[in-house]
Every structure is written in structure tokens, then in C-alpha cells.
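Chain A is the first sequence line, chain B the second, and so forth, proteins listed ahead of strands; every chain is numbered from 1.
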Amino acid sequence: MSIYRTHNCNELRKEDVGKKVFLSGWINKKRDHGNLLFIDLRDNYGITQCIIDRENSNFSTLEKMQLETVIKVDGEVVDRSEETVNKDIKTGEIEVLIKSFDVLGKCKELPMPIFSDQEYSEEIRLKYRFLDLRRKKIHENIILRSKVISFIRNEMNKLGFLEYQTPILTSSSPEGARDFLVPSRLNPGKFYALPQAPQQFKQLIMVSGFDKYFQIAPCFRDEDARADRSPGEFYQLDLEMSFVEQEDVFNVVEKLLVNTFKNFSKKKLVKEKFPRIPYKESMLKYGTDKPDLRNPLIINDITDVFLRDDIKFDIFKNLVKSGCKVRCIITKDTKNKPRSFFDGIDKWAKEQGTSGMAYFTFDKDKEVFGKGPVGKFFSKEAIEELMVKTGANIGDSIFFACNKEKDLEVITALARNKIAQDLDLIDENIFAFCWVIDYPMFEKDKETKKIKFSHNPFSMPQGDLDKLDFGKPLDILAYQYDIVCNGIELSSGAIRNHIPDLMYKLFSVAGYNKNQVDQKFSGMINALNYGAPPHGGIAPGLDRIVMLLANEKNIREVTMFPMNQNAQDLMMNAPSDIGEDQLKELGISLKLKK
RNA sequence: GGGGGUGUAGCUCAGUUGGUUAGAGCGAUCGCCUGUCACGCGAUAGGUCGAGGGUUCGAGUCCCUUCACUCCCGCCA
């Protein structure tokens with residue numbers, strides 16, 4: 001038996017009345033009645049009310065104890081009268097009559113209260129993270145995270161995957177995010193990089209013949225933070241399989257995610273077979289490659305209609321002639337919405353730095369007409385064509401904007417969210433998953449205008465490999481796929497290119513010659529020459545999965561010891577200065593910008 | 001690198017048009033209280049109003065600079 005406790009703080013029940021017990025934990029709350037003192041004793045498992053009165057010689061010292069002091073209570077379990085039962089806690093039918101107590105850990109005056117639903121500044125929470133983590137909500141989030149991880153490990157094992165570790169100190173790679181670098185003492189002037197993902201290693205594991213790999217893998221990227229993106233480090237459920245096609249990966253991952261989400265959340269999954277949306281279609285219908293399918297609104301391209309002569313909306317017509325497109329969103333049955341709703345959307349769109357959203361409502365007297373400020377520019381026939389094209393009915397409204405395709409995608413995607421919010425169309429109690437598939441292999445860099453890999457340079461191109469047209473690289477699609485849930489990108493993956501010659505060709509399109517490829521990806525390109533199996537995989541972001549399950553908007557709420565937005569650990573004081581001697585040993589001198 | 005928000009007691013916040021000695025709740029300290037579970041009641045202490053500069057008879061409040069935190073854009077194969 002432990003010298004500290006016979007039971008934890010969530011264990012004692014009516015049946016235990018009369019038992020002599022030890023409990024240890026934190027003083028969560030005191031209620032001092034002068035001659036009678038209630039103490040809520042808290043540990044990881046729950047809360048037990050302990051009680052002592054003035055008759056006991058320990059009363060006055062216990063009365064003075066700071067909250068959050070760790071004590072051991074020696075007492076007896078006693079029954080509570082019916083009126084004093086607390087139904088909110090599992091131990092609420094009993095209490096522990098304190099005989100004596102010991103202080104196990106003293107506590108200074110607290111910089112932040114533990115027992116409170118208040119919000120606190122991020123700064124103080126992160127500096128005193130060990131206190132913050134005692135609070136109920138985040139304590140439960142972290143436990144949830146642990147349970148999700150162990151559930152996933154178990155599921156992966158059941159699916160025949162084995163977990164392997166890959167190096168943390170590895171080489172810098174030219175594609176992708178900024179690397180975190182680690183100087184090498186034994187190789188002065190040279191640097192390791194922390195892996196942005198175990199991408200090459202997991203492919204090497206396949207070449208090594210292990211068939212099915214997974215890992216709860218730490219990934220390091222030196223990029224700026226967001227609410228759903230930790231600076232520095234995050235975790236992926238990294239997985240890879242040999243002798244598979246896209247479909248095989250989909251089957252495994254759908255099974256895993258459906259089981260996980262069903263097991264840990266009460267929210268309903270809209271579809272257990274995730275819909276598949278080609279990248280191009282997603283950009284058109286949702287304006288983004290991470291569509292929130294809880295939102296029923298869909299974007300339509302109506303550029304053609306603006307070629308008609310009986311539309312007098314000259315601003316848009318002229319833009320269309322110069323190559324712009326027109327896209328719209330139809331809202332169902334919004335005829336009677338107040339003017340403020342429509343103008344609100346337009347005003348909001350202008351605030352987003354666009355030319356705004358035009359709108360009218362499909363209405364009918366003797367014949368159909370457009371009701372609203374710009375309705376008069378559209379003939380009866382033009383309106384009828386719009387209704388056919390968009391599936392709109394009398395009483396529905398149309399919001400539309402005109403711009404170059406890329407800008408138009410951005411604004412219509414934002415408008416789709418905004419309108420859905422205003423009309424309260426998004427069901428918060430569901431998970432809507434989808435696959436986004438058929439990503440283009442390459443894209444044009446906005447600034448340099450050069451061709452670059454749009455996602456993963458190791459992806460396998462689609463189609464007949466002998467007939468790929470490298471003269472039109474932007475038309476080449478890849479076996480590259482993302483999983484999106486409620487508008488959040490959960491993971492991306494691909495069937496990999498395991499054919500060295502093809503790899504060289506694709507890299508040459510992106511501006512790397514054979515030597516550069518050999519040098520930068522030596523381990524992998526070399527391995528592919530010695531009998532590589534066809535393989536593919538994916539890497540769902542673990543932190544984001546837990547965020548969705550815990551219903552949190554910020555990744556720090558599901559991370560035990562996160563850094564702040566400037567990638568500083570306020571509790572441990574990282575990063576920190578280092579001594580001259582350490583620098584000298586590494587052959588490094590600092591030239592800091594002022 | 002750029003844009004927005006916030007910064008007042010240990011914590012969470014209020015503070016009017018620029019106007020007397022900057023307030024409240026929680027926490028702390030002291031006192032009272034034997035059935036609370038956000039216990040109750042009374043008192044006390046606690047402030048560089050993020051920092052610096054300016055305007056003004058007078059600045060928590062207006063202006064400029066700067067710092068910190070946060071959200072977003074860029075970035076994140």
C-alpha cells in the first residue's frame with residue numbers, strides 16, 4: 001500500500017463509509033465556516049470533499065493552508081445527509097472526516113487561480129503552464145490527446161502496421177519549409193536539419209522491405225505560427241504502405257479516422273465514405289482546396305452569361321472581355337431578408353479589399369425580374385438563363401463578383417463562409433470529411449513565374465508514364481491527395497514516384513539537374529535504383545485531429561508545453577543565449593543584425 | 001516582412017467629453033461564522049494605468065515612437 005494514499009480522489013463511494021483512508025492531492029477549494037471547514041481535495045482523477053471542525057487540533061493550521069498546497073489527509077469516510085449530497089461529483093455521496101494531515105508540497109500565492117472558468121492571458125498561462133495544466137478543461141484535453149494517440153497506435157497495429165523511429169538529426173532539404181538547423185561539433189561548419197517530416201525515411205523503410213510503416217512522428221518547420229499551427233514542432237500520424245494504389249491508402253485511412261472520430265466524439269460523421277473532390281472542382285465550387293462541406297453553399301461560374309447583349313452591366317462585361325470571370329453564390333429563399341443582410345455582405349466584401357459583391361433576388365410579377373440595385377441591368381431572358389445555370393428558384397438570391405480567376409477564388413471562398421455564417425447554415429454538431437484528389441504536379445510561382453512542385457516532389461504523376469507531356473507541365477496531375485474535415489486540412493499524402501528516371505525528368509521541369517537531385521536526395525534516389533516497390537502513404541496531423549475532437553480552435557489547447565507565437569518557451573526560457581565556449585567548440589561566431 | 005486587436009492591483013475587468021484622492025469581483029492578510037460545495041459577513045493591504053516622448057493649466061483618456069501578447073496576410077513541398 002502506498003504511504004500517500006489508499007484511494008484516489010475519485011474513488012470513494014457510499015459503500016466505503018466507515019473506512020479509514022489516506023488521500024493525497026491539491027487543495028482545490030476551501031469553504032471556511034469558522035468552526036467547520038470544507039476542503040475540496042483534487043487529484044488527476046477527481047475531487048473528494050474533506051471536512052474538519054474546531055474540536056480537532058489541526059483545524060487552525062489547515063484553515064490557513066494556501067489553495068493548491070499538496071496535502072495528505074488521514075481520515076474516515078462518512079456518509080452525507082440527503083440534503084448535503086453533491087450530485088455534480090462522483091464522490092458526492094460521501095466525505096472524508098479529517099483526523100490529521102501532512103503538508104507534502106507547499107504553495108506560494110498563485111499567479112493565476114486554478115479553480116475558475118476565467119480566461120487568462122496567454123503569457124501567464126504559458127509561463128506557469130504547470131498550473132494552467134491543472135485546470136479542468138485543458139487537463140482533460142491533454143488526457144484526451146493521450147488516449148487518441150494510444151487508440152490510433154492500437155488501430156494501426158490491428159491494420160497490420162508496425163511503428164518505426166526515424167532520425168531527428170538529419171539533412172537539410174531544398175524543397176518546402178525553412179529548416180531548423182543544428183550545428184555539428186564533429187564536422188565543423190556543417191549542419192544537421194531537424195526533419196520537416198520523415199518523408200524520405202519512410203520511403204526508405206518501404207525500399208527496405210518493411211511493407212507497412214507508421215509513426216507518431218515529430219515534425220519541425222521553422223515557419224510563422226497560426227492558431228492551428230504551432231511554431232516549431234507538431235506531430236503527424238505518418239504512414240506508408242508498399243504495393244498499393246491510391247484506393248488502398250484511402251481504405252486504410254478512412255477506416256482509421258472513422259473509428260477514431262466515432263470513438264472520441266459525439267458529433268456525427270456526415271459520411272463514412274469520404275466524398276472525393278478533384279482539386280479543380282474544389283477550387284471552382286468552394287474557392288479553396290480545403291472546403292468546409294458543412295456549408296451547403298456552392299459557387300457557380302456564370303462568366304458565359306455575361307457575354308449576352310441583353311445584359312447592360314457594363315463594368316462586369318468589360319472585365320469579362322479582358323479575361324476576368326464571374327462567379328456567384330445562390331442563397332435559398334432569401335427574398336424576405338432585410339436589405340441590411342444584402343448590403344452587409346457587399347460591405348463586408350469591400351472590407352476584404354475587393355470590389356464588393358453585387359446581388360439581386362429572383363422575383364416574379366407577370367414575368368421574372370431581378371429585385372435589387374443591379375437587377376435592372378438584366379433582361380428577363382438573361383435572368384432565366386442564370387436560373388437554369390445555377391438551379392435558382394423564384395425567391396432565391398444571387399451574389400456575384402467579377403475578377404481574375406485566382407482573386408475570384410479567394411473572394412468567393414470568403415463570401416461562401418460569410419454568407420453561411422450570416423444565414424446560420426453551418427451545423428456545428430457534425431464532421432464533414434472529404435478527400436481532395438488529382439492535385440496538379442506543378443504550379444507557377446506567383447512572383448518568379450517559374451514552374452515549381454505544387455505539393456510533394458516525390459509524388460507519382462497520373463496517366464500513361466510513357467506519354468507524359470513535359471512540355472505542358474501544368475497539365476500533369478499527380479496521385480496526390482488531402483483529407484479535409486470541416487474546412488481544416490488534416491493531412492496530405494501521395495502515391496510516390498519510385499522510378500528514378502521519371503524522378504529526374506520531373507525535377508528537371510522544376511529546375512533541378514541530375515547532379516542536384518543526386519546530391520540533395522542522395523539517400524532516396526540511390527535507394528530507388530536498387531529495387532524499390534511501388535508505395536504510397538499519408539500523414540494526418542495529430543494535433544489538428546485532437547483539436548477537432550476536443551472542439552478547440554487553438555492548437556495550444558491540445559499541446560502540453562507549447563511555445564508562444566514568437567516560438568519562445570516562456571516557462572523554460574527557450575531559445576536562450578549560449579556561452580562563448582559552446583560557440584567556440586562549434587566553430588560559430590554570431591553576427592547579429594541590430 | 002505587413003495589417004488588425006489587446007495592455008489599468010497577483011488574476012479577470014470597469015474607468016463617461018481630457019478634470020478632485022483611479023474603482024469592482026476573485027485572490028492575499030486579519031477578524032466573525034458548524035453543512036458548504038462559486039459558502040456568507042466585516043476590515044486591511046495591494047497601482048511606474050506596458051515603456052518613452054509630446055500636446056495641454058491638467059493625460060489612464062488625445063498625438064508620436066517603442067515593447068509585449070494575440071489574430072490574420074505573406075510563409076507552411
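- Rounding to whole angstrom units, CG of residue A:Asn554 and C1' of B:C69 are separated by 13 Å.
- Rounded to whole Å, the separation between the P atoms of B:G60 and B:U8 comes to 15 Å.
- Distance check: A:Ile476 CD1 to A:Leu506 CG gives 6.5 Å after rounding to the nearest 0.5 Å.
- A 3.5 Å limit on both hydrogen-bonding distances identifies no Watson-Crick or G-U partner for B:C75.
- Listed candidates were B:G1, B:C37, B:G35. Nearest to the side chain of A:Asn86 is B:C37.
- Of the nucleotides present, B:G5 is the one that pairs with B:C69 by Watson-Crick or G-U wobble criteria, both distances under 3.5 Å.
- Taking the side chain of A:Gln49 as heavy atoms from C-beta on, and the options B:C37, B:A28, B:C69, the nearest nucleotide is B:C37.
- Atoms CD1 (A:Ile114) and P (B:C26) sit 18 Å apart, rounded to a whole Å.
- Under the Watson-Crick and G-U wobble criteria, each requiring two contacts below 3.5 Å, nucleotide B:U16 is left unpaired.
- The base of B:U36 sits within donor-acceptor range of the side chain of A:Arg80, with an N or O pair under 3.5 Å.
- Between B:A28, B:C11, B:C33, one nucleotide has an atom nearer to the side chain of A:Ile124 than all others, and that is B:C11.
- Between the side chains of A:Asn456 and A:Gln480, no donor-acceptor pair is found at a separation under 3.5 Å.
- Proximity note for A:Arg178 (side chain, C-beta onward) versus B:C75, B:U36, B:C39: the nearest is B:C75.
- For A:Arg229 against B:C75, a side-chain-to-base donor-acceptor contact under 3.5 Å is present.
- Side-chain proximity of A:Glu123 to the nucleotides B:A68, B:G1, B:A28 is greatest for B:A68.
- Under 4.0 Å is where a charged nitrogen must lie from a carboxylate oxygen, and between A:Lys136 and A:Glu140 at least one such pair does.
- Here B:C13 presents its P atom at 7 Å from CD of A:Gln118, a figure rounded to the nearest Å.
- Proximity note for A:Pro113 (side chain, C-beta onward) versus B:A38, B:C11, B:G27: the nearest is B:C11.
- Checking A:Asp482 against A:Tyr439 by side-chain atom types alone, a donor-acceptor pair falls below 3.5 Å.
- Here A:His33 counts as stacked on B:C39: its ring centre is under 5.5 angstrom from the base ring centre and the planes meet at under 30°.
- Picking from B:C33, B:C37, B:C71 the nucleotide with the shortest atom distance to the side chain of A:Ala227 gives B:C71.
- Across all strands shown, B:U29 forms a Watson-Crick or G-U wobble pair with B:A43, both key distances being under 3.5 Å.
- For B:A43 and B:G25, the P atoms lie 10 Å apart once the distance is rounded to whole Å.
- Going from atom OH of A:Tyr120 over to atom P of B:A68 covers 26 Å, rounded to whole Å.
- Mapping A:Arg31 and A:Asn456 onto RNA chain B via the closest heavy atom, the residue that lands nearer the 5' end is A:Arg31.
- Salt bridge present: A:Glu405 and A:Arg327 bring a charged side-chain N and a carboxylate O closer than 4.0 Å.
- The same atom, P, is picked in B:U21 and in B:U66; the two are 33 Å apart, to the nearest Å.
- Residue side chain A:Glu119 does not reach the base of B:U12 through any donor-acceptor N/O pair under 3.5 Å, judged by distance alone.
- Here the side chain of A:Arg221 is nearest to one of B:U12, B:C76, B:G27, namely B:C76.
- Below 30°, between 30° and 60°, or above 60°: for A:Phe250 and A:Trp435 the angle between ring planes is below 30°, a parallel geometry.
- Between the base of B:G35 and the side chain of A:Glu95 there is a donor-acceptor pair shorter than 3.5 Å.
- Between A:Phe458 and A:Phe521, the two ring planes are perpendicular [angle over 60°; tilted spans 30° to 60°].
- For the P atom pair drawn from B:C67 and B:G52, the interatomic distance equals 15 Å after rounding to whole Å.
- Pair check for B:A59 finds none; no Watson-Crick or G-U wobble contact set falls under 3.5 Å.
- The side chain of A:Asp40 lies closest to B:C37, out of B:A28, B:G35, B:C37.
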